[in-house]
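Predicted, not measured: the structure shown is a model, and the values here were computed from it. Order of listing sets the numbers, starting from 1, for every ligand and every atom in it.
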Amino acid sequence: MGVVEELAIRLDEAQQAGKAISQLTATTELDVDTGYQIQAALVARRIQRGELMVGLKLGLTSQAKMTQMGVREVIWGRLTDAMRIPDGGTVEVGRYVHPRVEPEVAFLLTGEPGPFGSAVRAVAPALELIDSRYANFRFTLPDVVADNTSAAGFVLGPWQPVPDGLDNLGVLLEVDGRVVETGSTAAILGDPRRALAQGTHLAARAGVRLAAGWVFLAGAATAAVPLAPGSHVRAVVEGLGTASLKASE
Ligand code: OOG
Ligand code: MG
């Protein structure tokens, strides 16, 4: 077995067990391209188990996230149907290593090219559940890329028609009705549609074609916050509405 497959298995098992591992780069020298190969092998294992590809995500598209994670490069990852959490649904914190939540904007893709890389059928407020499989939620760029950019789950609010402007909508992250983070969609590369354009380009370079009905998460507008058992989390995007989840033990 090659090293790519071996490291993908390590991450896959950590995710399934909800147990942290040390960074892959602690023992193996990796570059970003190899990180993406590991990610592809990791998600291929999930697809072999019956999961379906339903979209892509971009990460570290905002200053807040880059500063929080100490990695200053846009990254992309893969979304499967098993990561979908119904709006208002409950997630079991104990199944994850150290889950966090962050407010995002989601696009529903038509599968056709568009002015921002991919044509968009609708937009929605979203919450992303991220969960690094690495101890202490700390990683280098190749590590986080290999770990499918910490993807763990996502909640989509109701799809909305695409508004004229998406570049300056207020974003709130609420926990138990209290606002814990505030931001703007402008924090996402200046405009979430720019994230879509970059994501389309990066995916194409990797030979991944964005299909009709796929979801695209543009990246968090604020820093992420830990998901505490018993809490109720809600993302609010001005003019688009809300997406929420509840956390149990
Ligand atoms: C990496 C994933 C970043 C975002 O929206 O910026 C991300 C991480 O923070 O663990 O999803
Ligand atoms: Mg995110």
ask   = Does any non-hydrogen side-chain atom of Ile130 lie less than 4.5 Å from one of Phe137?
value = yes
inquiry  = Is it the case that ligand 1 has an N or O less than 3.5 angstrom from some N or O of Leu60?
reply    = yes
query = Below 3.5 angstrom, do we get any N/O pair linking Ser150 and ligand 1?
reply = yes
query = Which heavy atom of the protein is the closest neighbour of atom 2 (C) of ligand 1, given with residue, atom name and distance?
reply = Thr149 O, 3.2 Å
key: Atoms in ligand 1 flagged as close to Phe137, the criterion being non-hydrogen separation under 4.0 Å   = 10 (O)
ask   = Can you find a non-hydrogen atom of Glu104 under 4.0 Å from ligand 1?
value = yes
Main-chain N/O of Ser132 paired to Asp147 side chain as donor or acceptor, under 3.5 Å = no
message = Check this for me - ligand 1, Ala220, N or O atoms closer than 3.5 angstrom, yes or no?
response = yes
task = For the residue pair Val101 and Val225, establish whether any side-chain heavy-atom pair is separated by less than 4.5 Å.
result = yes
task = Report the C-alpha separation of Gln37 and Glu5 in whole Å, then their side-chain angles, then the decisive distance to 0.1 Å, and conclude whether the side chain to side chain contact (heavy atoms under 4.5 Å, CB included) test is met.
result = CA-CA 9 Å; Gln37 286 172 30; Glu5 188 65 23; over 6 Å; no
message = Tell me whether the count of non-hydrogen atoms from other residues, nucleotides or ligands lying under 6.0 Å of CZ in Arg138 goes above 12.
response = no
query = Of the non-hydrogen atoms in Pro103 and Ala223, which two are nearest, and what is the gap between them?
reply = CD-O, 4.5 Å
task = Just to the nearest 10 degrees, tell me the angle at the Mg ion (ligand 2) spanned by Glu128 OE1 and Glu104 OE2.
result = 100°
remark   = Heavy-atom proximity to atom 5 (O) of ligand 1, picking from Glu102, Lys65, Lys57, Glu128, points to Glu102
query = Judged by modelled atom types alone, do Ser118 and Thr200 share a side-chain donor-acceptor pair under 3.5 Å?
reply = yes
request  = Please state whether the rings of Trp76 and Tyr36 are parallel, tilted or perpendicular, taking 30° and 60° as the class boundaries.
outcome  = parallel
key: Atom name, Glu102 (N, O or S, nearest to the Mg ion (ligand 2))   = OE2
task = Please could you name the atoms of ligand 1 that Met69 approaches to less than 4.0 Å, counting only its heavy atoms?
result = 9 (O)
task = Provide the number and element of each atom of ligand 1 under 4.0 Å from a heavy atom of Phe139.
result = 8 (C), 10 (O)
query = Which ligand 1 atoms, with their elements, are less than 4.0 angstrom from a heavy-atom of Gly219?
reply = 5 (O)
